[in-house]
Amino acid sequence: MGEMSFEVARTAIEKYAADRDASGKRLLREVIPSTMGEPLLYSHFDELLELCRALGIPLNLTTNGTFPGKWGSEDAMGVLLRSCRDIKVSYLASEQFDGWKANVEKLVRVRDKLRENARCATVSLQVTLHKKNLQEVPEIVSWASANGIDRIKWNKVVLLSVASQELREMYALDDALLESLRDEFRSGEFSASNVKHEGSLFFKNSADLCAVGGKCESCPFADEVWVWPDGHEDHCPNPERRWVGERLE
């Protein structure tokens, strides 16, 4: 569909920003710019920041950690930290980008300076767990703890039903491996007093297991609205439905 026009983004945000509950409290808690691309490459990202700032709505940003262009400067990182509730840096990019750790450490340093005078965003890691990186979990936890990361979101890899057997053998984690990892977290082996551990690894119900085209009342994403570049809305994040089911309908 290409890049979302800013008019589509503004219309969606202003629409939901107007919703209030019975007590008059705004229902829109945050805006999450694109989970299917690098949001800091969005040509209207400055306008998005300004709109959300004017409306008093924080962003929940997930970035690959490259911090392209001006976003690699301390001043620009400061703008992001003051505008967001949380900044999640995807660990996946660390496998392709040599400067990933240095950028995350820089972001944390800027966060610490801002926290001396005001509240600002938390800095999190988002780790997609798969067979090839499972052995790196202890190292990730150790590095995150030593560098002041606030939280790690551990999300298990999701493979579509059309994925090849070769891909499954390379990346898929079976239930026994996942349960073993959960046990290690429960036992405190990976615990660190200054790092929170969250994510779909710990969900009782996973969005990728929802019935295609159905409604899952226990879905952890039930309160979210997904807005596509053409403006249409989707209330189900199930990738099986979005990328396979719709093609079969």
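Everything numeric in this text was worked out from a predicted model, so none of it was measured. The chain is numbered in sequence order, starting from 1.
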Within the side chain of Arg26, is there an N or O that forms a donor-acceptor pair under 3.5 Å with the backbone of Ala17? yes
ILVMFWY network linking Leu177 to Phe185, side-chain heavy atoms under 4.5 angstrom: yes
Over 12 non-hydrogen atoms of neighbours within 6.0 angstrom of CZ in Arg53: yes
Is it true that a side-chain atom of Arg111 and a backbone atom of Gly148 form a donor plus acceptor pair closer than 3.5 Å? yes
Side chain of Trp100, backbone of Ser90: donor and acceptor closer than 3.5 Å? yes
Can Arg151 and Glu198 be counted as an ion pair, charged N to O under 4.0 angstrom? yes
Between Asp46 and Lys70, is a salt bridge (Lys or Arg N to Asp or Glu O under 4.0 Å) present by the stated rule, with each step listed? CA-CA 11 Å; Asp46 285 295; Lys70 70 176 184 180; 2.7 Å; yes
Can you confirm whether more than 12 heavy atoms, excluding those of Asp175, are under 6.0 Å from its CG atom? no
Are any side-chain N or O atoms of Ser83 and backbone N or O atoms of Leu80, one a donor and one an acceptor, separated by less than 3.5 Å? no
Under-4.0 Å salt bridge between Asp150 and Arg115: yes
Test log, rule side chain to side chain contact (heavy atoms under 4.5 Å, CB included), inputs Asn64 and Leu40: CA-CA 9 Å; Asn64 62 19; Leu40 295 179; over 6 Å; no
Going hydrophobic residue to hydrophobic residue with side-chain gaps under 4.5 angstrom, can you get from Leu181 over to Leu92? no
Quick check against the 3.5 Å criterion: does Arg82 have a side-chain atom that pairs as donor or acceptor with the backbone of Ala118? no
Salt bridge or not for Glu224 and Arg29, using N-O below 4.0 Å? no
What is the ring orientation for Phe45 with Trp71, classed by angle as parallel under 30°, tilted 30 to 60°, or perpendicular over 60°? perpendicular
Please check if the side chain of Asn147 supplies one atom and the backbone of Ile149 the other of a donor-acceptor pair under 3.5 Å. no
When you group the ILVMFWY residues by side-chain heavy-atom contacts below 4.5 Å and let the links chain together, are Tyr16 and Leu61 in the same group? yes
Are Arg85 and Glu30 ion-paired here, with the side-chain N under 4.0 Å from a carboxylate O? yes
Using a 6.0 Å cut-off, check whether atom CD of Gln135 has over 12 heavy atoms from anything other than its own residue. yes
Are Tyr42 and Phe6 close enough that their ring centers fall under 6.0 Å? no
Under the 3.5 angstrom rule, does the side chain of Lys101 hit a backbone N or O of Ser94 as a donor-acceptor pair? no
Would you check if the side chain of Thr11 reaches a backbone N or O of Val8 as a donor-acceptor pair within less than 3.5 Å? no
Might you work through the side chain to side chain contact (heavy atoms under 4.5 Å, CB included) test for Leu201 and Asn155, ending with a clear yes or no? CA-CA 5 Å; Leu201 172 67; Asn155 296 329; over 6 Å; no
Taking it one step at a time, do Arg186 and Glu179 satisfy salt bridge (Lys or Arg N to Asp or Glu O under 4.0 Å)? CA-CA 10 Å; Arg186 294 185 191 115; Glu179 189 57 32; 2.9 Å; yes
Given side chain to side chain contact (heavy atoms under 4.5 Å, CB included), test Lys113 with Glu74 step by step and report yes or no. CA-CA 10 Å; Lys113 290 179 183 178; Glu74 289 196 3; 3.4 Å; yes
Should the heavy atoms of other residues, nucleotides or ligands under 6.0 Å from CG of Asp98 be counted, would the total exceed 12? no
Has the side chain of Gln126 got a donor or acceptor atom that lies under 3.5 Å from a matching backbone atom of Ile152? no
If you apply the rule side chain to side chain contact (heavy atoms under 4.5 Å, CB included), what do you find for Val141 with Val195, and how did you get there? CA-CA 8 Å; Val141 173; Val195 180; 5.9 Å; no
Please check if the side chain of Asn60 supplies one atom and the backbone of Val31 the other of a donor-acceptor pair under 3.5 Å. no
NZ/NE/NH1/NH2 to OD/OE distance under 4.0 Å, Glu50 and Arg10: no
